[in-house]
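A short worksheet on the structure shown next.
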Amino acid sequence: MHDIKWIREQPADFVAALSRRGGDSEDAKMRADLLVKKLQGLDEQRRAAVTSLENLLSRRNAASKEIGQAKAAKDDARAQELMAEVAKIKEQLPDLEHEVRTVEAMLDDALSNIPNAPLSEVPLGDGEAGNVEREDHRFGTPRTYGFTPRQHFEIGEALGQMDFEKAARMSGARFVVNMGPLARLERALGQFFLDTHTAEHGYMEVNPPILVRDEAMYGTAQLPKFENDQFPTFRTEDFDHALAQAQENVAEQVAALIGQGIDPKSALEKSNLAAQVRKAQIGNRLWLVPTAEVPLTNLVRESILSEEELPLRLTALTQCFRAEAGAAGRDTRGMIRQHQFTKVEMVSVTTPEASSDELERMLSCAEAVLKKLDLPFRVMTLCTGDMGFGSRKTYDIEVWLPGQNAYREISSCSVCGDFQARRMNARYRPKADKTPRFVHTLNGSGVAVGRALVAVLENYQQENGTVAVPDALAPYMGGLKVIEKLS
RNA sequence: GGAGAGGUGGCAGAGUGGUUGAAUGCACCGCACUCGAAAUGCGGCAUGGGUGCAAGCCCAUCGGGGGUUCAAAUCCCUCCCUCUCCGCCA
């Protein structure tokens, strides 16, 4: 969420930042320009409506106070006169209130659908091709094999410990079941990442809910103000029950209003029917988190931290769920792109001054676990057009996969500035200054466990089809050195 | 799932229709005292929005939404959350 004041006062900066997201094309500039005009129009409309509404309320409040005084002074005539005036004011209120509410909702909706502004140093580009490899962050050299390296699913299936068909029978495409030593290897990776971040990098381990409400998804900008059907994650449903409940509630409320002497028609209008219907639509449904970024970051929602608590560094090992709606046909074979996968996530909450350095630190934490596993990788700075909605700057770590003969994303570290903090109302109180400021938030994978399993299988595979266990994982594998076909 | 009690500022905790944006305590900030500190005394201290060059003024906010009233932290409805008891359960 952007600050409307920023857009009001520095519209040129805003247009420039937004245009860069679109690769600075003429088209992008034009669209940003149009958007600013729309936002400024709404903002002016809003302020005008608020001002007239507040003037009316102000007069009403003053008159009400006077009524109290007049009554105390037993001046009934004056009281009657003032009550008549207030009655007149109250006739004008509903329309103005409605206008304020409508315009505010439109502005809010427009603002919450605008992506974050890229930092100035982020390379310009409008797609994956514009990403730039980071100097001095390449690690390791792809090994040479005396045979043609196989892909991870060929290895796993041949070992008899990775089965896509069994998974498909119960859950459909994009699910997998790992068994035996391979299942343990995946668990070992998760444990190893978590232990490293807590013991060596100062993160606190958190075991958060992975089913969350709309507000939490909105807070981390997974969700705009209202969800749309393209949104790539899953949710639970509870529609029938919620609808029945809502009907019951509305009926009760209307009955109560009629009991107060209000005619049935306006009673129905006055019952919070709209809210009830909305409630029914939402029901008790919850979202399955696409990443632990959501619950970890929402840990600070609606709170004011003290500066001493910052930076807050949190890590979690969780399941993640993604619908992958926009990825039809991509990575259909294997474990690269699944509806359900395990990931270790890191989240940092910092002061505005510290967030840029924190991004570098977070990147190095993610790199550290790959180095311990001796997996070759490179680091890409994502260009303006390839970054996620809420990010100001993103590094992707791409791990080498000999079976695919390609570098593939295994971690993504982003700094979001105050973008998520605004949406969550997450602030801190600076030592020097008493008014709270929005915190900055960062998130990064440390790293994706499913993809790490893929990388280990492909990098540590041997000609006879077995897989060597990386030294760093030995303590987690109960002494197992090699993963072989089960007898 | 059933019954009951609650939700007030950074924290604790008063406040059941009228000048209460909210007593008091703690925390925090400034000043005084002190070589310094503690203790003590005095003063300050909510957030968001509108308006104004500014000082300031105005509006909203006592879990969220709606209603009653000239006027709501206070009365009514509803949702959410917390706690206690019962039931069920990993």
Side-chain angles (χ1 to χ4, degrees), chain A residues 1 3-5 8 43-73 75-91 93-94 96-98 100-101 103-105 107-108 209 212-216 238 241-243 245-263 266-286 300-309 422 425-438:
Chain A
M1 175 82 90
D3 187 358
I4 185 66
K5 280 188 197 153
R8 188 191 303 155
D43 183 39
E44 268 167 42
Q45 211 182 326
R46 175 185 135 264
R47 284 186 292 151
V50 162
T51 303
S52 10
L53 176 64
E54 287 187 353
N55 286 340
L56 274 184
L57 289 173
S58 174
R59 179 60 207 140
R60 183 203 62 184
N61 290 347
S64 285
K65 253 179 209 175
E66 238 188 286
I67 290 168
Q69 286 161 352
K71 286 198 166 175
D75 185 351
D76 252 15
R78 180 65 185 145
Q80 287 302 324
E81 196 183 311
L82 286 162
M83 280 162 79
E85 188 194 342
V86 171
K88 216 175 271 177
I89 291 175
K90 286 180 80 174
E91 280 172 26
L93 285 179
L96 266 174
E97 278 171 352
H98 182 256
V100 168
R101 209 174 306 186
V103 176
E104 266 177 0
L107 185 60
D108 211 37
V212 299
R213 291 191 176 156
D214 284 31
E215 295 91 306
D238 186 20
H241 175 259
L243 189 64
Q245 189 77 52
Q247 282 170 340
E248 212 173 288
N249 289 341
V250 170
E252 269 175 34
Q253 191 158 4
V254 168
L257 286 165
I258 289 171
Q260 289 173 2
I262 292 167
D263 71 278
S266 25
L268 186 62
E269 275 167 18
K270 283 183 173 173
S271 71
N272 40 353
L273 182 63
Q276 291 293 341
V277 167
R278 167 107 185 110
K279 172 75 191 158
Q281 283 166 346
I282 293 172
N284 295 323
R285 77 182 182 199
L286 295 167
V300 297
R301 70 175 295 119
E302 290 160 56
S303 57
I304 302 176
L305 306 165
S306 67
E307 189 169 348
E308 288 77 25
E309 293 174 76
R422 271 176 203 290
N425 199 19
R427 294 170 295 174
Y428 79 102
R429 203 179 288 282
K431 268 180 250 167
D433 196 348
K434 51 189 166 185
T435 48
R437 298 167 76 195
F438 288 115

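Please read all numbers here as calculations on a predicted model, not as lab measurements. Residue numbers begin at 1 in each chain, while the letters A, B, ... track the order of the sequences.
Note: A:Met1 CE to A:Asn425 CG = 10.5 Å, rounded to the nearest 0.5 Å. Here CG of A:Leu107 is found 4.5 Å from CD1 of A:Ile4. Values are rounded to the nearest 0.5 Å. Separation of atoms CZ (A:Arg8) and CG (A:Asp3) is listed at 8.5 Å; rounding is to 0.5 Å.
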List every contact pair, protein side and nucleotides 16-18 of chain B side both N or O, where the distance is under 3.5 Å.
from  : atom 1 : to      : atom 2 : distance (Å)
B:G18 : N2     : A:Ser64 : O      : 3.0

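One can place CG of A:Leu96 at 13 Å from C1' of B:C59, the figure rounded to the nearest angstrom. The distance from atom CG of A:Leu305 to atom P of B:C11 is 12 Å, rounded to the nearest whole Å. Following rounding to the nearest Å, A:Glu215 (CD) and B:G63 (P) show an atom-to-atom distance of 18 Å. In this structure, A:Arg301 atom CZ and B:G63 atom P are separated by 18 Å, rounded to whole Å.
If you take atom P in B:C80 and the same atom in B:G64, they sit 15 Å apart, rounded to whole Å. Distance noted for atom C1' between B:A71 and B:U16: 15 Å (whole Å). One C1' atom belongs to B:U61, the other to B:U20, and the distance between them is 14 Å to the nearest Å. If you take atom C1' in B:C77 and the same atom in B:A27, they sit 39 Å apart, rounded to whole Å. A distance of about 10 Å separates the P atoms of B:C45 and B:A22, rounded to the whole Å. Distance noted for atom P between B:U78 and B:G2: 14 Å (whole Å). Nucleotides B:U74 and B:G65 have their P atoms positioned 13 Å apart, rounded to a whole Å. With C1' as the reference atom, B:U69 and B:C75 are 10 Å apart, rounded to whole Å.
A sub-4.0 Å separation between OP1 or OP2 of B:G66 and a side-chain N or O of A:Arg101 is present. Distances shorter than 4.0 Å separate none of the side-chain N or O atoms of A:Lys90 from OP1 or OP2 on B:U69.
Taking 4.0 Å as the cut-off between side-chain N and carboxylate O, A:Lys88 and A:Glu91 do not count as a salt-bridged pair.
In this structure, A:Glu97 has no side chain to side chain donor-acceptor pair (under 3.5 Å) partners at least two apart in sequence or on a different chain. Applying the side chain to side chain donor-acceptor pair (under 3.5 Å) test to A:Asn61 and every residue at least two apart in sequence or in another chain returns nothing. With sequence neighbours excluded, no residue forms a side chain to side chain donor-acceptor pair (under 3.5 Å) with A:Arg60. Scored by the side-chain contact (heavy atoms from CB on, under 4.5 Å) test, A:Glu85 finds A:Arg59, A:Leu82, A:Ile89 as partners (sequence neighbours excluded). Every side-chain contact (heavy atoms from CB on, under 4.5 Å) that A:Pro430 has, sequence neighbours left out, goes to A:Glu307, A:Tyr428, A:Asp433, A:Arg437. Checked against side-chain contact (heavy atoms from CB on, under 4.5 Å), A:Glu308 has the following partners two or more places apart in sequence or in another chain: A:Ser306, A:Lys431. Applying the side-chain contact (heavy atoms from CB on, under 4.5 Å) criterion to A:Lys65, with sequence neighbours excluded, gives no partner residue.
Among residues at least two apart or in separate chains, salt bridge (Lys or Arg N to Asp or Glu O under 4.0 Å) pairs with a member in residues 45-57 of chain A are A:Asp43-A:Arg46, A:Asp43-A:Arg47, A:Arg46-A:Glu104.
Side-chain contact between A:Leu286 and A:Arg213: present, with at least one pair of heavy atoms (C-beta onward) separated by less than 4.5 Å.
Residue A:Ile67 forms a side chain to side chain contact (heavy atoms under 4.5 Å, CB included) with just one option from A:Arg78, A:Met83, A:Gln80, and that option is A:Met83.
Applying a 4.0 Å cut-off to non-hydrogen atoms, the residues of residues 76-86 of chain A that approach RNA chain B are A:Met83, A:Val86, listed by residue number.
Stem regions for RNA chain B, each three or more consecutive Watson-Crick or G-U pairs with both distances under 3.5 Å and listed by first number, read B:1-7 with B:80-86, B:10-12 with B:24-26, B:28-32 with B:40-44, B:46-51 with B:56-61, B:63-67 with B:75-79.
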Sugar-phosphate or base contact per nucleotide [nucleotides 46-58 of chain B; S, B, -; heavy atom under 4.0 Å]:
-SSBSS------B

